[in-house]
Amino acid sequence: MLRALRLLSHIPLGILHPVGAAMGWLAFLASPGYRRRLWNQAGLAGLSVGQRLAAVGEAGKMVAEVPHLWCRPVDQRLERRVRWQGVELLDQAVAEGRGVMLLTPHLGCFEVTAQAYAERHGTQHPVTALYRPAKQAGLATLMTHARNRPGMRVSPATLTGVRQLMRALKQGDTIGVLPDQVPPEGMGEWAPFFGQPAYTMTMASKLAAQTGCALVLLRGERLGMVQRWRQRCDFIVHVSRLPPEQDAAVRQKDLSAATAAMNAVMQALILQCPHQYLWGYNRFKGPRPDILTSEG
């Protein structure tokens with residue numbers, strides 16, 4: 001599998017993205033369950049029919065760009081492929097020295113946001129992120145290999161991994177979190193997400209409250225063919241900070257209120273580019289078995 005993905009990584013994104021869009025449509029047409037979930041969940045956010053149809057292809061593009069991002073040679077930097085918007089906000093947060101939590105939902109190319117950060121600040125302040133090890137041994141090895149790039153660290157979703165996140169923040173380093181990831185049982189609270197109850201992680205709010213780290217929102221916008229030609233890049237990474245009242249809300253001790261506040265922040269971010277959100281992700285499912293109680 002690793003060899004195949006390495007071969008695919010040499011194909012330009014200008015080819016991978018159209019192929020991925022076709023794959024997205026094949027999955028949409030072939031799976032009634034996936035089709036119903038994507039259509040209904042996008043409808044909760046008020047997306048138009050056109051935006052929902054666009055989301056079908058964008059989901060496929062997300063899958064198709066993974067080989068390029070995971071298996072790209074280390075010496076092939078992203079600086080010519082990525083343009084930053086609001087990067088001074090990120091630089092300021094890192095300079096504060098109290099640790100940084102990057103908050104990125106399943107929106108656009110969320111893989112590129114961590115890599116772009118690592119190239120900019122990873123030498124002095126590497127970014128650490130939790131991941132759920134794949135059940136297949138080959139895929140698990142691939143994920144570890146692909147995401148352990150210079151300036152990036154990954155930790156399995158165990159108690160040890162959470163402690164590593166805490167340690168990184170206390171050292172003034174950076175962690176990456178997907179706040180819309182459905183957490184293990186016992187690690188979340190039910191909170192509204194686009195008007196529906198969604199099991200939402202409490203870890204991000206707890207870590208923010210306990211460490212006082214800076215909170216930074218990142219959104220990796222995937223550009224279309226015409227936009228790539230005009231912008232001379234493949235992605236734009238948008239950076240923003242939370243207003244003081246929202247920052248305080250997601251750190252409060254009342255975890256039910258904190259998770260509701262976090263979901264509100266994620267909703268606003270998603271609605272900046274709603275057709276690139278991964279609406280096929282089963283956001284409203286119940287919690288999976290608790291894997292954070294074991295060390296491996």
Side-chain angles (χ1 to χ4, degrees), residues 2 4-25 27 50-51 53-91 102-123 127 129 142-143 145-152 174 176 178 216-240 269-281:
L2 181 58
L5 288 178
R6 280 176 174 166
L7 289 174
L8 289 173
S9 71
H10 294 290
I11 300 176
L13 286 175
I15 296 175
L16 288 176
H17 279 163
V19 172
M23 292 168 50
W25 274 100
Q51 288 173 316
L53 294 177
V56 174
E58 292 295 330
K61 291 178 185 179
M62 183 207 70
V63 175
E65 66 201 9
V66 164
H68 182 79
L69 294 169
W70 280 11
C71 301
R72 187 183 74 262
V74 172
D75 59 354
Q76 289 187 12
R77 294 174 60 84
L78 287 170
E79 53 194 7
R80 294 185 179 180
R81 318 292 294 278
V82 171
R83 177 172 296 179
W84 289 90
Q85 187 171 90
V87 71
E88 67 278 0
L89 298 174
L90 174 63
D91 296 344
L102 305 176
L103 299 171
T104 306
H106 291 83
L107 177 64
C109 185
F110 48 90
E111 289 281 352
V112 84
T113 58
Q115 291 191 17
Y117 168 88
E119 289 189 3
R120 189 172 183 89
H121 288 294
T123 302
V127 57
L142 170 63
M143 291 175 65
H145 168 81
R147 287 174 168 168
N148 272 314
R149 302 178 68 87
M152 296 179 61
T174 299
L178 276 72
V216 175
L217 305 177
L218 292 186
R219 172 171 69 87
E221 181 183 1
R222 181 185 305 109
L223 300 183
M225 186 178 300
V226 175
Q227 290 175 302
R228 285 204 303 271
W229 180 78
R230 289 176 176 173
Q231 299 284 347
R232 297 293 190 268
C233 62
D234 297 313
F235 306 98
I236 297 179
V237 178
H238 301 264
V239 185
S240 57
L269 190 61
I270 290 165
L271 290 177
Q272 292 179 12
C273 192
H275 66 287
Q276 289 196 7
Y277 186 64
L278 194 62
W279 295 108
Y281 174 62

*Can you list the steps and then say if H68 with I11 is a side-chain contact (heavy atoms from CB on, under 4.5 Å)?*
CA-CA 8 Å; H68 182 79; I11 300 176; over 6 Å; no
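- Proximity of F235 to L13: side-chain heavy atoms (C-beta onward) are separated by under 4.5 Å at one or more points.
- H121 and Y117 have tilted rings, their planes meeting at an angle from 30° to 60° on a 0 to 90° scale.
- Looking only at side-chain heavy atoms (C-beta outward), L107 and Q272 stay at 4.5 Å or farther from each other.
- Counting only N and O atoms by type, the side chains of Q51 and H275 include no donor and acceptor under 3.5 Å apart.
- Here the side chains of D234 and H17 are not in contact, with every heavy-atom distance at 4.5 Å or above.
- Within the model, atoms CH2 of W84 and CG of L218 stand 6.0 Å from one another, a figure rounded to the nearest 0.5 Å.
- The ring pair (Phe, Tyr, Trp, His ring centres under 6.0 Å) test applied to Y277 returns W279, not counting sequence neighbours.
- Applying the side chain to side chain contact (heavy atoms under 4.5 Å, CB included) criterion to V63, with sequence neighbours excluded, gives M23.
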*Test side-chain contact (heavy atoms from CB on, under 4.5 Å) applied to Q85 and E221, step by step*: CA-CA 11 Å; Q85 187 171 90; E221 181 183 1; over 6 Å; no
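- We find the CD-OG1 distance between E111 and T104 to be 10.5 Å, quoted to the nearest 0.5 Å.
- Test M62, Q276, E65, E58 against C109 for side-chain contact (heavy atoms from CB on, under 4.5 Å) and you get one pass: E65.
- Counting heavy atoms from C-beta on, the side chains of V239 and L217 never come closer than 4.5 Å.
- The two residues L278 and A59 come nearest to each other via the heavy atoms CD1-CB, 4.0 Å.
- The shortest heavy-atom contact between P150 and V74 is CG-CG1, 3.4 Å.
- Nearest heavy-atom pair, I270 versus P105, reported as atom, atom and distance to 0.1 Å: CG1-CG, 4.3 Å.
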_For a side-chain contact (heavy atoms from CB on, under 4.5 Å) check, start with the C-alpha distance between T113 and L102, then their side-chain angles and the critical distance, and finish with the verdict._
CA-CA 9 Å; T113 58; L102 305 176; over 6 Å; no
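- Two residues are said to be in side-chain contact when any heavy atoms from C-beta on lie closer than 4.5 Å; R72 and L78 meet this criterion.
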*Walk me through it: do Q115 and V82 pass the test side-chain contact (heavy atoms from CB on, under 4.5 Å)?*
CA-CA 10 Å; Q115 291 191 17; V82 171; over 6 Å; no
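- In plain terms, the two heavy atoms of V127 and G176 that are nearest each other are CG2-N, 3.8 Å.
- Residues R149 and P73 approach most closely at NH2-O, 3.6 Å, considering heavy atoms.
- Of all non-hydrogen atoms in G108 and R222, the two that sit nearest each other are O-NH2, 3.2 Å.
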